[in-house]
Structure formats: C-alpha cells, structure tokens
Engineer: 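Sharing a structure, written as structure tokens. Questions coming.
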2 protein chains.
Amino acid sequence: MPTNDAAPLRADARRNLTKIMSAARDVVVEHGLDAPMELVARRAGVGVGTLYRRFPTREALLGAVAEAYVADLVTATRRIIDGAADPWSALRELVDWCASPGQGALAAALADLPVAQVRALPAFARSRQEWLDLLDGLVTDGQRAGTIRADIGTGDLVALLTVFTCHPDQLPRHVADQPARYLHLMLDALDATAPRATPLPGTPPS
Amino acid sequence: MPTNDAAPLRADARRNLTKIMSAARDVVVEHGLDAPMELVARRAGVGVGTLYRRFPTREALLGAVAEAYVADLVTATRRIIDGAADPWSALRELVDWCASPGQGALAAALADLPVAQVRALPAFARSRQEWLDLLDGLVTDGQRAGTIRADIGTGDLVALLTVFTCHPDQLPRHVADQPARYLHLMLDALDATAPRATPLPGTPPS
DNA sequence: CTCCAAGCGGAATGAGGTATTCCGGTTATC
DNA sequence: GATAACCGGAATACCTCATTCCGCTTGGAG
C-alpha cells in the first residue's frame with residue numbers, strides 16, 4: 001500500500017486505487033505472479049499510467065496485493081477456526097473457503113514459490129507466519145483429537161491447497177473447474193479414521 | 001519424428017537425433033511445453049542449428065517428443081496392468097512409475113492443456129486415446145472389484161497425475177521433491193474400502 | 001463559477017528474451 | 001582424398017512487457 005504521508009487522495013483517485021488493488025488480486029490469483037501489468041489495468045478499467053502513479057513498480061503493486069491478501073487470509077482462517085466445533089470441521093470449512101471462487105490460496109503459493117521481493121516485506125512475512133501458526137495449531141489439534149492423520153504436516157496441507165487452487169489457468173481444466181472436488185478428495189486422504197494399507201512415503205515438510 | 005523418406009542419416013547425425021529427443025523430453029517434463037529451444041540444445045550437448053536441421057520448427061520437435069512420449073506411456077501402462085495381480089496393485093504401480101524421477105505424466109498434461117498443434121497429430125491422438133482407454137479399463141475394473149471408489153472417473157485420475165507430476169519447477173517445492181508422497185496420499189483418497197463421511201462434490205470428468 | 005493541481009488514458013520507448021536463419025569450419029562415408 | 005552432410009553458435013527478426021511521457025480531464029478549494 002502506498003504511504004499516505006502526503007495529502008489525501010482525490011475522491012476519484014481513491015476509487016481507482018481500490019479498483020486496482022482488487023483487480024490485481026484477481027489477476028494474480030488467476031494468472032500467477034507474472035501476469036502483465038496491462039491485464040491488471042484493463043481489469044480495473046484504468047490506463048497503465050494510473051497504475052504507475054500509485055505504485056512505482058510492478059513489485060510495489062505485487063507487494064501491496066500480497067500483504068493485503070495474506071492479512072485477509074489470516075482473518076478468514078482465524079474466524080473459521082474460532083467458529084468451528086472441532087479441528088476437523090475447521091479444516092473442512094477452510095478448504096471450502098479456499099475453493100470458493102476468486103479465493104485461491106495465493107498465500108500458499110507465495111509461501112512456497114520463490115518471490116524474494118515479496119516475501120521480504122515485513123508485514124507480509126509477519127502475516128504469513130501467523131497463518132502458518134494457525135494451520136499448525138489446527139493440524140496439531142486435529143491429530144491430538146485423532147481426526148487428522150498423524151503422518152502429515154502443515155507443509156503438506158499448504159502444498160495441497162496450493163496445488164489445487166493456484167493459478168487456475170495453468171491447471172488441468174477439471175481441477176480449475178471444480179477445485180472443491182479435488183480438495184475434498186484430499187480431505188478424504190487426510191482423514192485419520194480411514195484404514196491405511198501402507199504407510200505414506202517421504203517425510204512431512206515444515 | 002522426421003520423415004525418413006530420403007537417404008539414411010549419417011552415424012553422427014543419428015546419434016545426435018537421439019540425444020536431442022531425449023533432452024527435449026527431459027526439458028519438457030521439467031520446465032513445461034514452453035521451454036526455450038536453447039535449453040534443449042544445451043542439454044543435448046549440440047548447437048541450436050543442429051536442432052533445426054532435424055526439426056523445421058519448435059512445434060515439430062514438440063510433436064515428435066509428444067508422440068514418442070505417449071507411445072512409451074501406453075507401453076509402460078499396458079505392461080503394468082498386464083503384470084499386476086489386480087486393479088488396485090496396477091494403480092499403485094502406475095502411480096509409482098509416474099512418480100519415478102524423469103518420468104512425469106507429461107502425457108496427462110498434453111491431454112488436458114491446450115496445445116492444439118500437438119493434439120492434432122494423428123499418431124499422438126491415437127496413442128493418447130489408447131492410454132485413456134487403458135486407464136478407463138483399470139478404473140472400471142477396480143470399481144467393479146470394489147477397490148477403487150465408485151464416485152471418481154478416469155478424468156479425475158488423469159487430473160491428479162497431472163497436477164502432482166507435471167513441470168516440477170512450477171510446483172511447490174515439497175510436491176516437486178516428493179511426488180510419490182502426494183500421489184500416495186491420493187491413492188488413500190481413492191481407496192474404496194475407506195469410510196466416507198460426506199459424498200464428493202462435483203462430477204467425475206471424462 | 002473559475003481555476004489549476006492532481007488525475008487520467010494510452011501511445012511510445014526500451015530492454016530482455018527467444019525462435020529461426022546463416023555460414024565458415026568439420027567429418028563421416030565412399 | 002573428395003565431398004555431401006553435418007556442426008556450433010553468432011547474428012537476425014520478432015514479440016512481449018515494464019515503464020515513461022504528455023496532452024487532455026476533472027475534483028474541489030476559493
């Protein structure tokens with residue numbers, strides 16, 4: 001977000017700033033972090049010049065979007081966890097939220113993909129860690145309660161959310177069309193109450 | 001594959017052609033269909049000029065790679081299915097094969113992603129259909145035998161294989177590092193003998 | 001109502017990246 | 001030993017963006 005040291009923005013400028021942030025968010029969720037600036041501009045219904053009057057560079061815009069996005073993610077996740085009866089329902093609700101249209105676990109991608117410039121932003125890093133901690137609590141609680149299988153970790157959850165919800169236009173059509181279907185398949189796989197013929201190979205990350 | 005109407009290739013040229021095809025395959029599996037030609041050349045240890053003496057355009061090379069790849073995939077899949085005691089072991093072995101290094105279910109990607117030029121190649125289309133038919137038989141048999149859950153389809157299988165094994169460098173690190181881990185998680189989700197609290201949302205594609 | 005700084009759209013610029021071509025030097029094969 | 005095939009890789013031609021620039025608009029203070 002641009003610093004607001006100086007004079008307040010004119011009404012139309014403030015309006016455009018909102019449109020830009022929201023367009024940028026959508027575009028990034030859909031096309032990934034290297035979507036062209038012009039796509040954002042068109043989506044926001046403004047000229048590229050307008051983008052650059054508010055954000056000096058592409059990275060600045062991405063950074064602002066990322067910060068706002070993770071902050072939202074933390075809020076939503078906390079609300080879900082607090083409102084749920086138990087860890088398993090919380091997990092299910094979280095998954096549904098991530099699968100809802102326009103949501104996309106972008107933060108998950110940001111958490112894993114190499115975008116040094118963004119990850120280095122203090123506000124982003126703080127929120128991101130907060131989110132990971134929330135998930136960590138959720139997974140641990142579920143495992144203690146015996147509803148989430150013991151041999152997976154938070155990193156697995158993040159990886160799965162990322163894989164099924166990020167950048168729909170680079171995913172197989174089926175997955176992009178019904179992320180919820182695949183996320184629920186994943187839920188079935190995480191269910192501790194199912195019998196397992198063989199142990200999971202590899203090690204839980206994070 | 002270049003037509004061999006004309007004179008046979010010189011020995012060194014034939015050698016290079018092999019290196020090119022294999023390099024191209026690896027590069028495409030790793031970096032996706034839009035990997036630069038020069039990457040292929042370097043990997044093959046030849047100059048770009050050599051690529052172009054054999055393949056008139058990038059598409060021609062990709063087409064040749066795709067045809068060869070799906071053909072291999074069909075062979076491997078058929079071998080696995082024929083050799084396995086039952087559909088479920090076949091599925092497990094197939095998954096392990098796809099997870100093995102350098103394998104990557106490229107064909108799955110090709111099956112789903114829009115690469116018209118390649119999909120239109122008759123030999124490719126034929127092999128691809130053959131592969132889908134094999135999988136279809138596998139899934140159906142498994143479902144009849146009660147080992148593969150009934151509410152998923154071949155398209156789901158293809159989508160999952162694609163998602164976890166294609167283009168490692170665009171995947172979350174954890175997934176790229178241990179595709180087998182995530183594919184086995186998927187196997188657990190496909191297991192018909194596990195109890196399911198809620199039905200899977202959406203519809204099985206294909 | 002007037003004025004003008006703050007805004008705006010979008011064409012123009014420039015850098016970076018990659019498919020394809022070209023050519024002087026090699027090397028199988030006869 | 002001759003020569004048609006081959007090679008490597010520099011040079012060329014495009015194309016895709018990020019970013020800049022500038023003439024036109026407009027919110028809103030006076």
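Just so we're on the same page: letters track the sequence lines, and every chain starts at 1. All heavy atoms count here, side chains included; hydrogens, waters and symmetry mates do not.
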Engineer: Should we say atom CD of B:Glu38 is surrounded by more than 12 heavy atoms from elsewhere, each under 6.0 Å from it?
Structural biologist: no

Engineer: With respect to the side chain of B:Pro36, which nucleotide from D:dC7, C:dA19, C:dG10 is positioned closest?
Structural biologist: C:dA19

Engineer: How close or far is atom P of D:dG9 from atom CE of B:Met37, stated in whole angstroms?
Structural biologist: 16 Å

Engineer: Does A:Asn16 have a side-chain nitrogen or oxygen under 4.0 Å from the phosphate oxygens OP1 or OP2 of C:dC8?
Structural biologist: yes

Engineer: If the threshold is 4.0 Å, N to carboxylate O, is there a salt bridge linking B:Glu130 and B:Arg126?
Structural biologist: no

Engineer: Assign each of B:Asp12 and A:Asp34 to its nearest nucleotide of DNA chain D by heavy atoms, then name whichever residue's nucleotide is nearer the 5' end.
Structural biologist: B:Asp12

Engineer: Could you check how far CD1 of B:Ile20 sits from P of D:dC6, rounded to whole Å?
Structural biologist: 12 Å

Engineer: Roughly how far, to the nearest 0.5 Å, is CZ of B:Arg92 from OG1 of A:Thr198?
Structural biologist: 6.0 Å

Engineer: Need one value for A:Arg53: base, sugar-phosphate or nothing, where a base atom within 4.0 Å counts as base even if backbone is also close, heavy atoms only.
Structural biologist: base

Engineer: Do NZ/NE/NH1/NH2 and the carboxylate oxygens of A:Asp151 and A:Arg196 come within less than 4.0 Å?
Structural biologist: no

Engineer: Report the distance from atom CG of B:Leu33 to atom C1' of C:dT18, rounded to the nearest whole Å.
Structural biologist: 16 Å

Engineer: Would you mind telling me which of D:dG27, D:dC7, C:dT20 lies closest to the side-chain atoms of B:Ala13?
Structural biologist: D:dC7

Engineer: Which whole-number value in Å describes the distance from A:Lys19 NZ to C:dC8 C1'?
Structural biologist: 11 Å

Engineer: Take B:Ala11 and B:Ala35, find for each the nucleotide of DNA chain C with the closest heavy atom, and name the residue whose nucleotide sits nearer the 5' end.
Structural biologist: B:Ala35

Engineer: Please give, in whole Å, the distance from C:dG17 P to B:Glu38 CD?
Structural biologist: 12 Å

Engineer: Considering just the side-chain nitrogens and oxygens of A:Arg14, establish if one lies under 4.0 Å of OP1 or OP2 belonging to C:dG7.
Structural biologist: no

Engineer: Determine whether any donor atom in the side chain of B:Arg10 lies under 3.5 Å from an acceptor atom in the base of D:dA5, or the reverse, and answer yes or no.
Structural biologist: yes

Engineer: What is the distance, to the nearest angstrom, from the CG atom on A:Leu17 to the C1' atom on C:dA6?
Structural biologist: 15 Å

Engineer: Closest to the A:Leu9 side chain: D:dT19, C:dT21, C:dG7?
Structural biologist: C:dG7

Engineer: By nearest atom, which of the nucleotides C:dC8, D:dT19, C:dT21 is closest to the B:Val48 side chain?
Structural biologist: C:dT21

Engineer: Just how far, in rounded Å, is C1' of D:dC17 from CZ of A:Arg42?
Structural biologist: 12 Å

Engineer: So does A:Arg128 pair up with A:Glu67, basic N to acidic O under 4.0 Å?
Structural biologist: no

Engineer: State which of C:dA19, C:dG7, D:dT19 makes the closest approach to the side chain of B:Arg58.
Structural biologist: C:dA19

Engineer: Taking only the side-chain nitrogens and oxygens of A:Thr50, find out if one of them lies under 4.0 Å from OP1 or OP2 of C:dG7.
Structural biologist: no

Engineer: Nearest whole angstrom, please: distance from the P of D:dA10 to the OH of B:Tyr52.
Structural biologist: 16 Å

